[in-house]
Each structure stands twice: as C-alpha cells, then as structure tokens.
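Note: hydrogens, waters and symmetry copies are ignored here, and every other heavy atom, side chains too, is used. Not measured: the values here are computed from a predicted model.
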Amino acid sequence: MERRRFLQLMMATPVIVSIPLQPLLAAPADAAQALLLRASELLTGRRGLDIGITERLWTLLCEQDTQFPAQLARLMTRLNALHSEDREQIVAQLDDADVKTALTIISPWYLGYTGHPSTTKAVDDAHFVTFLSALMYEPTRDHTIRPSYARAGGDYWAEVPPGVTAPPMSTLIREWGDQSPLAAKQIKQPDAPWLLMVQGKAKTLVEAEAMLAQHNNL
C-alpha cells in the first residue's frame with residue numbers, strides 16, 4: 001500500500017493538529033523525548049500516552065536511524081504550521097520525507113515493535129516496544145481481549161466449552177502436565193534445509209536443497 005494512503009488509514013482522528021501545544025501534565029524530562037510524545041499524541045489523536053513507552057521508543061528509533069531526531073524536528077515544524085482539521089488534507093500537505101517519519105512514529109504505537117520482523121530469518125531488525133499498550137487492539141477491545149493470556153483462568157482448557165460435545169477424556173488429564181502420553185520428550189534437531197531457510201540463507205525448500213547438494217559435492 002502506498003505510504004501516504006497507509007498513513008491516512010492509521011491516523012485515528014481528523015483533529016490531529018488543531019490542539020494547541022500546551023504544557024503536558026506529564027512528559028519525559030528529556031526535551032527530545034517530550035517532542036516525540038507530543039508528535040505521537042498529535043498523530044494518533046490520543047492523549048496520555050505512556051511516558052515509559054515513549055522513552056523506549058525514542059531509544060529504539062534513534063538506534064534504528066541516527067537521523068531520526070532531525071527528522072522528528074522537521075515533521076513537528078510542519079505539523080505546527082498546518083491549520084487544517086481534515087485528515088486527508090493534512091497528509092496531502094506533508095512531503096514524502098515527513099510521511100515516512102510519521103509512519104515511523106505511528107507504526108510502533110499500533111504494532112508494538114520497531115523494524116521489520118521476519119518469519120524466515122533467525123535474526124531481524126525488529127525490537128519490542130510494548131504489548132498490552134499496542135493501539136491495534138483498541139478497536140476490538142469490547143469484543144476480544146489482548147491475546148496470549150488465559151481467557152478463563154489457569155487450566156481453563158480442561159473444561160469442555162459450552163455447546164461442544166467432546167469425546168471421552170482420560171480421568172487423569174488434569175494431572176498430565178508435561179507427562180502427556182503424546183508429549184515430546186526432547187526437541188528434535190532441525191532438518192538442514194529448514195535451518196537454512198530460518199537463518200535467511202535460502203528462501204525456498206528447493207533453494208535450500210540445492211545449496212546443500214552443492215556443499216556436499218565440494
């Protein structure tokens with residue numbers, strides 16, 4: 001998706017620059033981090049964003065790009081100069097560099113990480129920012145909870161859900177734990193082709209097998 005359109009979709013409210021830059025009730029002690037917090041609140045349309053997350057995000061974004069402080073200052077100068085309350089008009093008046101900077105700031109607040117996670121490499125440039133405070137969970141918070149936590153307490157899975165007819169279970173199923181009859185006793189060594197793909201050395205199984213064949217012929 002084109003960056004400018006993606007930014008329009010992510011900005012949560014049409015009124016992002018009409019609020020005057022009043023002193024915040026709470027802000028990071030560092031002026032540059034306070035600027036990032038203000039930019040984050042303007043771009044997301046939210047107030048009271050977590051200071052701790054802001055400070056962590058500042059560190060990660062500066063490590064990711066040493067030019068980020070200058071890019072942030074440039075973006076804020078532009079945002080402060082705009083007077084429109086129309087979201088699409090605001091984004092339309094930002095140049096490509098400012099759009100890129102705005103996405104760099106907004107994305108971690110929604111996704112909870114910086115960089116680009118990879119499903120095919122053991123190491124990538126993604127870094128954790130936040131989980132519970134990731135804004136992407138807010139639109140559905142009335143219907144679904146944030147994932148990864150037990151939805152009904154410990155061992156909730158042992159009870160058959162309402163309306164489900166389950167096959168007979170062992171009377172000792174609650175005591176199995178890691179002693180389940182089907183539990184793996186040890187982790188198998190990964191297959192060589194799969195390992196090459198995880199390490200990012202090969203993109204497909206065919207490519208991985210070809211690399212192994214070439215290595216074995218040496």
Side-chain angles (χ1 to χ4, degrees), residues 1-117 124-142 145-148:
M1 182 182 294
E2 194 265 334
R3 278 179 178 165
R4 193 173 300 274
R5 180 55 181 160
F6 187 61
L7 179 60
Q8 290 171 335
L9 294 175
M10 290 188 71
M11 293 170 71
T13 173
V15 185
I16 65 168
V17 296
S18 61
I19 301 175
L21 298 182
Q22 303 174 11
L24 300 177
L25 295 178
D30 184 90
Q33 295 175 8
L35 192 64
L36 175 60
L37 176 61
R38 174 56 68 179
S40 299
E41 291 186 336
L42 290 174
L43 293 170
T44 62
R46 291 163 169 79
R47 296 297 177 265
L49 293 177
D50 190 280
I51 295 175
I53 295 175
T54 303
E55 294 172 345
R56 183 159 61 250
L57 181 57
W58 169 261
T59 299
L60 291 172
L61 292 179
C62 290
E63 290 176 353
Q64 178 179 295
D65 186 351
T66 58
Q67 298 301 312
F68 177 72
Q71 295 165 358
L72 172 62
R74 182 179 187 274
L75 173 63
M76 282 302 298
T77 298
R78 185 59 176 162
L79 289 177
N80 291 336
L82 297 175
H83 301 287
S84 172
E85 295 185 359
D86 183 273
R87 178 173 57 184
E88 295 199 5
Q89 288 185 11
I90 291 170
V91 177
Q93 294 181 65
L94 298 178
D95 62 23
D96 291 344
D98 287 335
V99 167
K100 181 180 178 181
T101 303
L103 281 174
T104 298
I105 295 170
I106 288 180
S107 294
W109 282 106
Y110 279 91
L111 302 178
Y113 58 83
T114 60
H116 306 84
D124 55 37
D125 67 347
H127 293 281
F128 175 79
V129 176
T130 182
F131 178 71
L132 291 179
S133 297
L135 298 180
M136 66 178 176
Y137 297 119
E138 287 193 1
T140 60
R141 67 182 182 275
D142 293 338
I145 64 173
R146 287 163 170 78
S148 87

**Study point:** Spatial distance of atom CG (D98) from atom CG (L103) [nearest 0.5 Å]
**Key:** 11.0 Å
Point to revise | Side-chain heavy atoms of E138 within contact of R46, under 4.5 Å | key: yes
**Study point:** Check: F131 ring centroid to Y113 ring centroid under 6.0 Å
**Key:** no
Point to revise | Smallest separation among heavy atoms of D124 and H116, with atom names | key: CB-O, 3.7 Å
**Study point:** Whether R78 side chain and L94 backbone form a donor-acceptor pair below 3.5 Å
**Key:** no
Review point. When rounded to the nearest 0.5 angstrom, what distance separates CD1 in I106 from OG in S40?
Key: 8.5 Å
**Study point:** Q33 vs E55 side-chain heavy atoms within contact, under 4.5 Å
**Key:** yes
Review point. Is the side chain of R56 donor-acceptor paired with the backbone N or O of V129 at a distance under 3.5 Å, no angle test?
Key: yes
Practice item. Check for a donor-acceptor pair, side chain of D125 on one end and backbone N or O of G115 on the other, with a separation under 3.5 Å. Key: no
Point to revise | Straight-line distance of L135 CG to L111 CG, nearest 0.5 Å | key: 9.5 Å
Practice item. Kindly indicate whether the side chain of L75, heavy atoms from C-beta on, has any atom under 4.5 Å from the side chain of L43. Key: yes
Review point. Atom CG of L36 and atom CD1 of I51: how far apart are they, to the nearest 0.5 Å?
Key: 12.0 Å
Exercise for review: State, with a plain yes or no, whether a side-chain heavy atom of E63 is found less than 4.5 Å away from one of T114.
Suggested key: no
Exercise for review: Please name the pair of heavy atoms, one in R47 and one in E41, separated by the smallest distance, quoted to 0.1 Å.
Suggested key: NH1-O, 2.9 Å
Practice item. Identify the heavy atoms of C62 and P69 that sit nearest to each other, and give their distance. Key: SG-CG, 3.9 Å
Practice item. Before giving the answer on side-chain contact (heavy atoms from CB on, under 4.5 Å), spell out for F68 and L60 the whole-Å C-alpha distance, their side-chain angles and the decisive distance to 0.1 Å. Key: CA-CA 10 Å; F68 177 72; L60 291 172; over 6 Å; no
Point to revise | Test item: R74 and L79 side chains (from C-beta on) under 4.5 Å apart, heavy atoms | key: no
Exercise for review: State whether a side-chain donor-acceptor pair under 3.5 Å links Q71 with D65.
Suggested key: yes
Practice item. Evaluate the side-chain contact (heavy atoms from CB on, under 4.5 Å) criterion for residues L72 and W58: first the C-alpha distance (whole Å), next the side-chain angles of each, then the deciding distance (0.1 Å), finally the verdict. Key: CA-CA 10 Å; L72 172 62; W58 169 261; 3.8 Å; yes
Check your understanding: Can you name the closest pair of heavy atoms from A73 and L35 and give their distance?
Key -> CA-CD2, 4.2 Å
Point to revise | Heavy-atom closest pair, residues I53 and S133 | key: CD1-CB, 3.5 Å
Point to revise | Heavy-atom pair with the smallest gap, counting every atom of L49 and T44 | key: CD1-OG1, 3.9 Å
